[in-house]
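Okay, so here's the structure we're looking at.
Within every chain, numbering begins at 1; the chains are lettered A, B, ... in the order of the sequence lines, protein sequences first and strands thereafter.
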Number of protein chains: 4
Amino acid sequence: MAETENSSDVIGGIAAEALQQYVDRIERLEDEKKALSEDIKQVYSEAKSTGFDVKILRKIIGLRKVEEQERQEQEELIDLYKRALGMV
Amino acid sequence: MAETENSSDVIGGIAAEALQQYVDRIERLEDEKKALSEDIKQVYSEAKSTGFDVKILRKIIGLRKVEEQERQEQEELIDLYKRALGMV
Amino acid sequence: MAETENSSDVIGGIAAEALQQYVDRIERLEDEKKALSEDIKQVYSEAKSTGFDVKILRKIIGLRKVEEQERQEQEELIDLYKRALGMV
Amino acid sequence: MAETENSSDVIGGIAAEALQQYVDRIERLEDEKKALSEDIKQVYSEAKSTGFDVKILRKIIGLRKVEEQERQEQEELIDLYKRALGMV
DNA sequence: GATGCGCTTTAAATGC
DNA sequence: GCATTTAAAGCGCATC
């Protein structure tokens, strides 16, 4: 390869600098995501030490999630009807 | 039970207010986490539209991840050996 | 439905015999798997009684595993690049 | 370290050869275990292509597992009573 | 354009 | 309580 190629060059047809930036952005976001996962685990553990049953707590959260989903689906359906009826 | 039970009371032996707060905290953190997942997806899609091969990009990220894992495992192993040899 | 339904018949729209065979095959495989888990545990315990530190042993195994993972990831990445560059 | 140390020597107080053998045995067993996991996945996939619902199939297998467990617990209990009554 | 499929990731359960 | 293992979800992909 050329001796002056650096990260801002095209290497093997790849815009190296741009690639680097994408990788960095993604890894940074994944780190934040991981941190949040740990925070969540932390909260569960805190709840547990306050006497709550973590397993049940998880079930509750899960339940609320699907209920929220169902609510959204209903809203979307309503929206669909509205569009069909020219009510938008 | 108290006749004026509300969310700050104990209901069926459960501290309702505390429970509510835990649920809220967890759901808020999960929302943030989900937002990050969408951001990541967004970045991949952006990279794709710039001409990068998403599959390769994912592999690179994955590879860097296992490299990081290996580094950590090695450190932990060294640490473990140190402890086993009384070098701590 | 047929009045003489038995295990080789369709019951409630289900091919009972085929189902039975799948269940049997899976349970047999799971039994073998469980036996292997016990063997592994056994080996660790044996190593321990010979004076090895099980925690360290596990770390070594784990480390070798991620090294193998990394090797595979690298190969797959190279392969992917080849395909992307039409070298296949 | 001594210049003639090899795998059959003691390195840092570790019986290197013995260690090597334990690692090998464990990794071999884990490979077999992994192969079985793949076989199981294979059977599920085969069942699916025959028209069965994999999720339900898993539930069934799981259900049979706990029933088997309960049966065993009962037998153990019976055995315990027998011993208590000198019926062994 | 929709559907199904496999794969990756994430959540849950189990065992030490 | 932690770490492993297993079940489920979500996602992109390919196909029709």
Using a 6.0 Å cut-off, check whether atom CD of D:Gln72 has over 12 heavy atoms from anything other than its own residue.
yes
Could you go through the side-chain contact (heavy atoms from CB on, under 4.5 Å) check for B:Leu29 and B:Ile26 one step at a time?
CA-CA 5 Å; B:Leu29 290 168; B:Ile26 289 166; 5.6 Å; no
Are the side chains of B:Leu19 and A:Leu57 in contact, using a 4.5 Å heavy-atom criterion?
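Answer yes - side chains close enough.
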Quick one, C:Ile61 and C:Tyr44 - any side-chain contact, counting heavy atoms below 4.5 Å?
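Yes, at least one pair of side-chain atoms sits under 4.5 Å.
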Just one of B:Glu73, B:Glu75, B:Glu67, B:Gln69 clears the side-chain hydrogen bond (donor to acceptor under 3.5 Å, both in side chains) bar with B:Arg71, so which one?
B:Glu75
Atom-to-atom span, NZ of D:Lys48 to C1' of E:dT3 - whole angstrom
12 Å
Given side chain to side chain donor-acceptor pair (under 3.5 Å), test A:Glu46 with A:Gln42 step by step and report yes or no.
CA-CA 6 Å; A:Glu46 193 180 318; A:Gln42 178 73 21; 5.1 Å; no
Could you give the start and end, 5' to 3', of the contact zone on DNA chain F for chain D, using atoms under 4.0 Å from its heavy atoms?
F:dT5 to F:dA9
Any chance you could list the contact pattern along nucleotides 10-16 of chain E? Use B for base contacts, S for sugar-phosphate-only contacts and - for none, protein heavy atoms under 4.0 Å, 5' to 3'.
SSSS--S
Below 4.0 angstrom, N of the basic side chain to O of the carboxylate: do B:Arg28 and B:Glu32 qualify?
yes
Stepwise side-chain contact (heavy atoms from CB on, under 4.5 Å) test for C:Ile60 and B:Tyr81
CA-CA 11 Å; C:Ile60 290 173; B:Tyr81 273 124; 3.2 Å; yes
